[in-house]
Amino acid sequence: MNFDFSDRVGRVEPSATLAISNLASELEAQGEDVVDLSVGAPDFPTPDNITQAAKDALDAGHTSYTSSNGIPELKDAIAAKLRGNGVDAEADEVIVTPGGKQALFETFQTLVDDGDEVVLLDPAWVSYEAMVKLAGGTLSRVDLAQHDFRLEPALDELAETVSDETKLLVVNSPSNPTGGVFSDAALEGVRDLAVEHDFAVISDEIYERIVYDGFEHTSLGSLDGMEDRTITINGFSKAFSMTGWRLGYLHAPSDLIAQAGKLHSHSVSCAVNFVQHAGVEALSERTDDDVEEMRQAFEARRDMLVDLLAEHDVDVAVPKGAFYMMLPVDDDDQAWCEGAIQDAKVATVPGSAFNAPGYARISYAASEERLREAVERLAEHDYI
């Protein structure tokens, strides 16, 4: 049988980050030693107290369906956490999802119709574009690369891009792929434009706990004027090293939650029961020391990597958060990345996947030893 595939699935390509990771896995299966700097997964174990909470939940029989939007204990904990960020949040304004990516997907599907304009800040995480296209939206983009990936100097360009026709803007701070952290002035600029043109903003805050140099995270939804137009997306994968647990959430005004909840109930039903109980524990103060230990390790790796690259006369925009760095490479970044993994056995992601040609994204969620080895290999094979 020849299947007649839907138009929507033909609008998107497979994830570039996972494609590179799959290639790295194939080479490793052939016996090659690959330094994989392509995937955004912390290289730390999930904190013991979280794992124990999951085991306790299993022992207690928490293996059935839950209410679709999440167990009350977790929604209460998420709302309290958001209030700590200055966001006016109640438990019934939260949907708990199987991963932050599902929260984003449900938001786009709920808000975006055919032809609706969605604005992205480039470089942008690969799945934003795919999700907009799957929803039938159109894309407008603002390039931050010329401003060392900072938003504040690009506010004039953003003002020229958005209009009364804009349906949605996506803000990701700290950023994947750049590690950029947007200033309060930049976020206030976003607020002013959103209010002026009456559009909604997705604030993807999945890396909020991983910031450096004394920076403090600001939730966009905490700004005056943004209470009723911000959809806050977050999850447990990055800060708590729970990538495989698949647990995330969205917070939004109640009318959006009611509509997104319909999609949620007809697709995933609910997030995994015992994993939700582990999420309650993750948000407790008992996990704070583990999170800080990881954050400090990432900051030390960032500093080391910046210094190592400088020794080879490679200048990078120093990330202020997350665990990514944009490495300037040849104009043909796809060929550079393919060559780097084949010749130097170092896996990175082409910047063009994030609409940032001429760069490769490095994830420094790897040991200092492996990061040193990656730089040495790239230098040895004339990739830097």
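The figures here come from the full heavy-atom set of this structure, side chains too, leaving out hydrogens, waters and symmetry mates. What you are looking at is a predicted structure, and each value in this text was computed from that prediction instead of being measured.
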Enquirer: How long is the straight-line distance from CG of Leu220 back to OG of Ser173, given to the nearest 0.5 Å?
Expert: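 Interatomic distance, Ser173 OG to Leu220 CG, rounded to 0.5 Å: 9.5 Å.
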Enquirer: Taking atom types as modelled and ignoring hydrogens, do the side chains of Ser254 and Glu93 form a donor-acceptor contact shorter than 3.5 angstrom?
Expert: no
Enquirer: Side-chain contact, heavy-atom cut-off 4.5 Å: Asp213 with Arg302?
Expert: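 Sidechains of Arg302 and Asp213: in contact.
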Enquirer: Are side-chain N/O atoms of Tyr128 and Asp204 paired as donor and acceptor at under 3.5 Å?
Expert: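 Tyr128 vs Asp204: donor-acceptor pair found between side chains.
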Enquirer: Would you say the side-chain atoms of His147 and Glu157 include a donor-acceptor pair closer than 3.5 Å?
Expert: yes
Enquirer: Counting neighbours of CG on Asp315 that are heavy atoms of other residues, nucleotides or ligands and sit closer than 6.0 Å, is the number greater than 12?
Expert: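 Not more than 12 within 6.0 Å, no.
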Enquirer: Judged by atom type as modelled, is there a donor-acceptor pair below 3.5 Å linking the side chain of Asp332 to the main-chain atoms of Ala335?
Expert: yes
Enquirer: What do you reckon, is CG of Asp303 surrounded by more than 12 foreign heavy atoms closer than 6.0 Å?
Expert: yes
Enquirer: Is there a path from Ile71 to Val94 through hydrophobic residues (I, L, V, M, F, W, Y) whose side chains come within less than 4.5 Å of each other?
Expert: yes
Enquirer: Could you tell me whether a side-chain N or O of Thr46 sits under 3.5 Å from a main-chain N or O of Ser241, the two making a donor and an acceptor?
Expert: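 Looks like yes, one N/O pair under 3.5 Å.
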Enquirer: Check the side chains of Glu208 and Asn234 for a donor-acceptor pair under 3.5 angstrom, ignoring hydrogens and angles.
Expert: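 Checked: Asn234/Glu208 side chains pair up, N/O donor to acceptor below 3.5 Å.
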Enquirer: Any non-hydrogen side-chain atom of Val119 less than 4.5 Å from a side-chain atom of Arg141?
Expert: no
Enquirer: Any carboxylate oxygen within less than 4.0 angstrom of a Lys/Arg side-chain nitrogen, looking at Arg191 and Asp184?
Expert: no
Enquirer: Would you say Leu111 and Val118 are hydrophobically clustered, going by side-chain heavy atoms of ILVMFWY under 4.5 Å?
Expert: yes
Enquirer: With no hydrogens and no angle check, just 3.5 Å: does a side-chain donor-acceptor pair link Glu205 and Ser203?
Expert: yes
Enquirer: Would you say the ring centroid of Phe149 lies under 6.0 angstrom from that of Tyr359?
Expert: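 That pair passes the under 6.0 Å test.
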Enquirer: So for atom CG, which belongs to Asp7, do other residues, nucleotides or ligands contribute more than 12 heavy atoms lying within a distance under 6.0 Å?
Expert: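 For Asp7, atom CG is not crowded (no more than 12 foreign heavy atoms under 6.0 Å).
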Enquirer: For the OG1 atom of Thr178 and the CG atom of Leu144, what is their distance to the nearest 0.5 Å?
Expert: 7.5 Å
Enquirer: Could you give me the CA-CA distance, side-chain angles and deciding distance for Ser183 and Leu151, then say whether side chain to side chain contact (heavy atoms under 4.5 Å, CB included) is met?
Expert: CA-CA 8 Å; Ser183 67; Leu151 174 56; over 6 Å; no
Enquirer: Taking all non-hydrogen atoms of both residues into account, name the closest pair between Trp125 and Pro177 and its distance.
Expert: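 Looks like N-CD, 4.2 Å.
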Enquirer: Within the 4.5 Å heavy-atom criterion, are Val268 and His264 side-chain neighbours or not?
Expert: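 With C-beta onward as the side chain, the pair touches.
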Enquirer: Give a yes-or-no answer on whether the side chains of Ser237 and Trp245 include a donor-acceptor pair shorter than 3.5 Å.
Expert: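 Per modelled atom types, Ser237 and Trp245 side chains form no pair under 3.5 Å.
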Enquirer: Which heavy atom in His312 sits nearest to a heavy atom in Ala379, and how many Å separate them?
Expert: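 Taking every non-hydrogen atom into account, CE1-CB, 3.4 Å.
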Enquirer: Looking at CG of Leu223 and CZ of Arg229, how far apart are the two atoms once the value is rounded to the nearest 0.5 Å?
Expert: 12.0 Å
Enquirer: Is any side-chain heavy atom of Met325 closer than 4.5 Å to one of Val306?
Expert: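 Of all side-chain heavy-atom pairs linking Met325 with Val306, at least one is under 4.5 Å.
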Enquirer: Should the pair Arg301-Asp43 be classified as a salt bridge under the 4.0 Å nitrogen-to-oxygen rule?
Expert: yes
Enquirer: Rounded at 0.5 Å granularity, tell me how far CD in Glu129 sits from CG in Leu120.
Expert: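 Rounded to the nearest 0.5 Å, the CD-CG separation comes out at 7.5 Å.
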Enquirer: Have His277 and Glu73 got a donor and an acceptor in their side chains that come within less than 3.5 Å?
Expert: no
Enquirer: Between Ser140 and Glu117, do the side chains contain a donor N or O and an acceptor N or O under 3.5 Å apart?
Expert: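 Ser140 and Glu117 do have a side-chain donor-acceptor pair below 3.5 Å.
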Enquirer: Between Gln276 and Ala271, which heavy-atom pair has the shortest distance, and what is it?
Expert: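 Result for this residue pair: NE2-O, 3.0 Å.
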Enquirer: Cut-off 3.5 Å, side chains only: do Asp164 and His197 have a donor facing an acceptor?
Expert: yes
Enquirer: Decide yes or no for Leu104 and Ile202: does some side-chain heavy atom of the first lie under 4.5 Å from some side-chain heavy atom of the second?
Expert: yes
Enquirer: Is any side-chain N of the basic residue among Asp333 and Arg361 closer than 4.0 Å to the acidic one's carboxylate O?
Expert: no
Enquirer: What I want to find out is whether Arg372 reaches Glu368 closely enough, with some N-O distance under 4.0 Å, to be called a salt bridge.
Expert: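 Salt bridge absent between Arg372 and Glu368.
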Enquirer: Checking Asp288 against Arg209 for the salt bridge (charged side-chain N to carboxylate O under 4.0 Å, His left out) test, could you report, in this order, the C-alpha distance in whole Å, the side-chain angles of both residues, the deciding distance, and whether it holds?
Expert: CA-CA 10 Å; Asp288 287 350; Arg209 298 285 295 268; 3.3 Å; yes
Enquirer: Are there more than 12 heavy atoms of other residues, nucleotides or ligands under 6.0 Å from atom CZ of Arg11?
Expert: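 Enclosed: over 12 neighbouring heavy atoms sit under 6.0 Å from CZ of Arg11.
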Enquirer: Run the salt bridge (charged side-chain N to carboxylate O under 4.0 Å, His left out) test on Asp48 and Arg286 for me, step by step, so that the C-alpha distance in whole Å, both residues' side-chain angles and the decisive distance to 0.1 Å come before the verdict.
Expert: CA-CA 10 Å; Asp48 290 341; Arg286 291 179 290 276; over 6 Å; no
Enquirer: I need the minimum non-hydrogen distance between Gly279 and Leu74, along with the two atoms involved.
Expert: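 Smallest interatomic distance, heavy atoms only, reads C-CD1, 3.7 Å.
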Enquirer: If we ignore hydrogens and angles and just use 3.5 Å, is the side chain of Thr230 paired with the main-chain N or O of Thr232 as donor and acceptor?
Expert: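 Looks like no, no N/O pair under 3.5 Å.
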Enquirer: For Gly221 and Val87, which heavy atoms make the closest approach, and how far apart are they?
Expert: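 Looking at all heavy atoms of both residues, the closest pair is C-CG2, 4.0 Å.
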Enquirer: Could you check if a side-chain atom of Met226 sits within less than 4.5 angstrom of a side-chain atom of Ser219, using non-hydrogen atoms only?
Expert: no
Enquirer: Grouping I, L, V, M, F, W and Y whenever their side-chain heavy atoms are under 4.5 Å apart, do Tyr212 and Val291 come out in a common cluster?
Expert: no
Enquirer: Let me confirm one number: the CD1-SG distance from Ile95 to Cys270, rounded to the nearest 0.5 Å.
Expert: 12.5 Å
Enquirer: State yes or no: do Val162 and Val195 share one hydrophobic cluster built from I, L, V, M, F, W and Y residues joined by side-chain heavy-atom distances below 4.5 Å, directly or via other members?
Expert: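 No, it is not one cluster - the side chains of Val162 and Val195 are not joined through contacts under 4.5 Å.
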Enquirer: If you define the side chain from C-beta out and look only at heavy atoms, does anything of Leu168 sit under 4.5 Å from Val201?
Expert: no
Enquirer: Heavy atoms only: give me the nearest Arg370-Ala366 pair and the separation to one decimal.
Expert: CB-CB, 4.4 Å
Enquirer: Walk me through whether Thr97 and Leu247 qualify under side chain to side chain contact (heavy atoms under 4.5 Å, CB included).
Expert: CA-CA 6 Å; Thr97 58; Leu247 190 63; over 6 Å; no
Enquirer: Aromatic ring centroids of Tyr324 and Tyr207 under 6.0 Å?
Expert: yes
Enquirer: Do you see a donor-acceptor pair shorter than 3.5 Å between the side chains of Glu338 and Gln342?
Expert: no
Enquirer: Check whether any side-chain heavy atom of Met304 sits under 4.5 Å from a side-chain heavy atom of Leu308, and report yes or no.
Expert: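 When only atoms from C-beta onward are counted, Leu308 and Met304 do touch, with a gap below 4.5 Å.
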Enquirer: Are Phe44 and Phe298 an aromatic pair by the rule of ring centers under 6.0 Å?
Expert: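 Yes, ring centres under 6.0 Å apart.
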Enquirer: Closer than 4.0 angstrom, basic N to acidic O: yes or no for Arg377 and Glu380?
Expert: no
Enquirer: With a 6.0 Å cut-off (strictly less than), is the heavy-atom count around CD of Glu227, excluding the residue itself, greater than 12?
Expert: yes
Enquirer: Should Asp36 and Lys345 count as an ion pair when the cut-off is N to O under 4.0 Å?
Expert: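 Judged by the 4.0 Å cut-off on N to carboxylate O distance, Asp36 and Lys345 do not form a salt bridge.
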Enquirer: Just by distance, with hydrogens left out, do Gln30 and Glu26 show a side-chain donor and acceptor under 3.5 Å apart?
Expert: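 Side chains of Gln30 and Glu26: no pair found under 3.5 Å.
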Enquirer: Linking I/L/V/M/F/W/Y whenever their side-chain heavy atoms sit closer than 4.5 Å, directly or via other members, would Leu378 and Val35 fall into one cluster?
Expert: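 They do share one cluster, since a chain of ILVMFWY contacts under 4.5 Å joins Leu378 to Val35.
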Enquirer: For side chain to side chain contact (heavy atoms under 4.5 Å, CB included), just list the numbers for Thr348 and Leu327, CA-CA rounded to whole Å, side-chain angles, deciding distance to a tenth of an Å, and then say yes or no.
Expert: CA-CA 10 Å; Thr348 62; Leu327 180 69; 5.9 Å; no
Enquirer: What distance do Ile206 atom CD1 and Lys101 atom NZ have between them, rounded to the nearest 0.5 Å?
Expert: 11.5 Å
